[in-house]
Amino acid sequence: MSNTLTIVDRQARTYGALRNLIAYVVYAFILVPTLIVIPISFGGPGELTFPPRVWTLELYGQLFSSANWIDPILQSLKVAVLTMIVSMAIGVPAAYGLVRFEFPGKRLVTLLLMSPILVPVIVISLGLYLYLSRLQIVGTTAGLVASHVAYVTPFMMMTVMAGVKKLDPALEFASTIMGANRRTVFLKVVLPQLRPSIIAGALLAFLVSFDEVVIAWFLTSPTTTTLPVRMYSSIQWDISPVIAAVSALLTVLSIVICCVSVMLQSPAQEESN
């Protein structure tokens with residue numbers, strides 16, 4: 001019996017090591033090409049080579065001194081922040097309601113709310129363009145924010161729903177018995193416990209909006225061009241070495257936001273356990 005257990009343990013360890021090895025290889029395949037951009041961004045102003053022949057900050061100097069890049073960066077930040085705020089206002093109550101309450105057509109409503117994740121982005125972009133054209137807000141910041149809210153809110157909801165499922169309903173029930181109404185329970189009991197999930201979802205919404213290019217390509221105008229659209233145009237029409245500096249900054253931003261989200265969710269998971 002002990003020999004059988006030993007063989008099973010060895011096989012489990014072998015499979016575990018193989019699984020981890022495959023995961024590391026996949027992660028390296030995904031991350032290494034992205035991380036190569038960082039040293040390239042420290043190259044000279046007239047080259048895109050790896051490794052760079054000279055190490056300078058000239059590309060970053062050109063980036064932060066050019067209105068052609070600063071304006072799209074500021075526009076992307078404005079759109080991402082507004083999208084994050086609106087998606088929080090919509091996604092948090094919706095996620096709580098879908099988890100805590102039962103009502104006719106709940107599955108259909110959930111499917112409709114999550115459909116932007118399932119439908120190809122190009123299809124969503126075309127539909128939004130046709131719809132917003134009738135409202136005459138194509139090419140405006142308001143139209144772009146509304147489109148991004150429709151696209152990123154499901155990501156916000158998924159993160160918050162995962163947090164709601166880990167909450168103890170007995171705390172809400174006890175608050176109700178003590179005389180608190182539903183609004184008070186939500187604001188005073190639920191939201192404080194959901195803070196890590198909400199912040200993680202907000203950061204994810206910000207990042208998805210900031211990096212989104214397909215919807216923005218359909219809906220932006222020369223005065224509302226976002227950074228991803230500017231980068232795509234630069235690659236398509238005039239390959240500037242400055243794009244390496246922009247890509248490096250986006251890579252660092254994405255890594256930082258992902259790490260913060262993981263750190264926020266880890267304490268919440270430990271508390272629930």
Side-chain angles (χ1 to χ4, degrees), residues 72-101 106 108-129 131-132 135 137-167 183 186-187 190-220 224 226-229 250 253-254 256-265 268:
I73 289 175
L74 295 178
Q75 174 69 7
S76 290
L77 286 173
K78 178 169 64 175
V79 171
V81 170
L82 292 174
T83 299
M84 177 185 68
I85 294 172
V86 177
S87 65
M88 287 174 59
I90 298 174
V92 174
Y96 177 75
L98 288 175
V99 174
R100 281 288 185 261
F101 302 105
K106 176 180 176 179
L108 178 59
V109 172
T110 304
L111 178 62
L112 291 176
L113 291 174
M114 296 298 174
S115 60
I117 300 177
L118 307 175
V119 179
V121 181
I122 189 69
V123 177
I124 297 175
S125 303
L126 180 59
L128 287 170
Y129 174 78
Y131 178 71
L132 297 180
L135 300 178
I137 57 175
V138 170
T140 65
T141 299
L144 190 56
V145 170
S147 302
H148 279 195
V149 168
Y151 181 63
V152 308
T153 297
F155 296 96
M156 181 77 192
M157 290 178 58
M158 286 194 303
T159 306
V160 177
M161 287 173 70
V164 175
K165 291 177 180 178
K166 297 174 184 177
L167 300 183
R183 179 175 177 273
F186 182 73
L187 294 177
V190 176
L191 287 186
Q193 298 180 83
L194 284 179
R195 188 179 295 112
S197 298
I198 293 174
I199 296 176
L203 291 175
L204 179 60
F206 175 88
L207 184 61
V208 173
S209 174
F210 192 86
D211 289 344
E212 203 287 318
V213 62
V214 180
I215 295 175
W217 182 265
F218 273 77
L219 300 177
T220 56
T224 59
T226 60
L227 181 59
V229 173
L250 285 178
L253 176 66
S254 301
V256 170
I257 289 180
C258 290
C259 292
V260 172
S261 299
V262 171
M263 288 188 294
L264 286 171
Q265 291 180 326

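These values consider heavy atoms only, across backbone and side chains, with no hydrogens, waters or symmetry-generated copies. In this chain, residues are counted from 1 in sequence order.
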Below 4.5 Å, heavy atoms only, C-beta onward: do [X] and [Y] meet side chain to side chain?
X	Y	value
Leu219	Tyr129	yes
Phe206	Ile85	no
Leu98	Met157	yes
Val229	Pro72	no
Ile117	Met158	yes
Val152	Met156	no
His148	Leu82	no
Leu203	Leu207	no

**Under 3.5 Å side-chain donor-acceptor pair for Thr224 and Gln75** = no

Value rounded to 0.5 Å, distance of [atom1] in [X] from [atom2] in [Y]:
X	Y	atom1	atom2	value
Thr159	Leu194	OG1	CG	11.5 Å
Leu126	Ile124	CG	CD1	11.0 Å
Ile199	Met88	CD1	CE	8.0 Å
Arg100	Lys165	CZ	NZ	11.0 Å
Thr83	Phe210	OG1	CZ	12.0 Å
Ser209	Ile215	OG	CD1	9.0 Å

**Prompt:** More than 12 foreign heavy atoms under 6.0 Å from NZ of Lys106: is that the case here?
**Reply:** yes

**Request:** For the residue pair Phe155 and Tyr151, categorise the inter-ring angle as parallel (less than 30°), tilted (30 to 60°) or perpendicular (more than 60°).
**Result:** perpendicular

**Request:** For the pair Thr226 and Glu212, evaluate side-chain contact (heavy atoms from CB on, under 4.5 Å) and give the outcome as yes or no after the intermediate values.
**Result:** CA-CA 9 Å; Thr226 60; Glu212 203 287 318; over 6 Å; no

**From Ile90, Val86, Leu113, residue fulfilling side chain to side chain contact (heavy atoms under 4.5 Å, CB included) relative to Thr153** =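 The single option meeting the side chain to side chain contact (heavy atoms under 4.5 Å, CB included) with Thr153 is Ile90.
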
**Request:** Can you spot which of Leu227, Asp211, Val81 makes a side chain to side chain contact (heavy atoms under 4.5 Å, CB included) with Ser76?
**Result:** Leu227

**Closest contact, heavy atoms only, Gly143 versus Thr140** = N-OG1, 3.1 Å

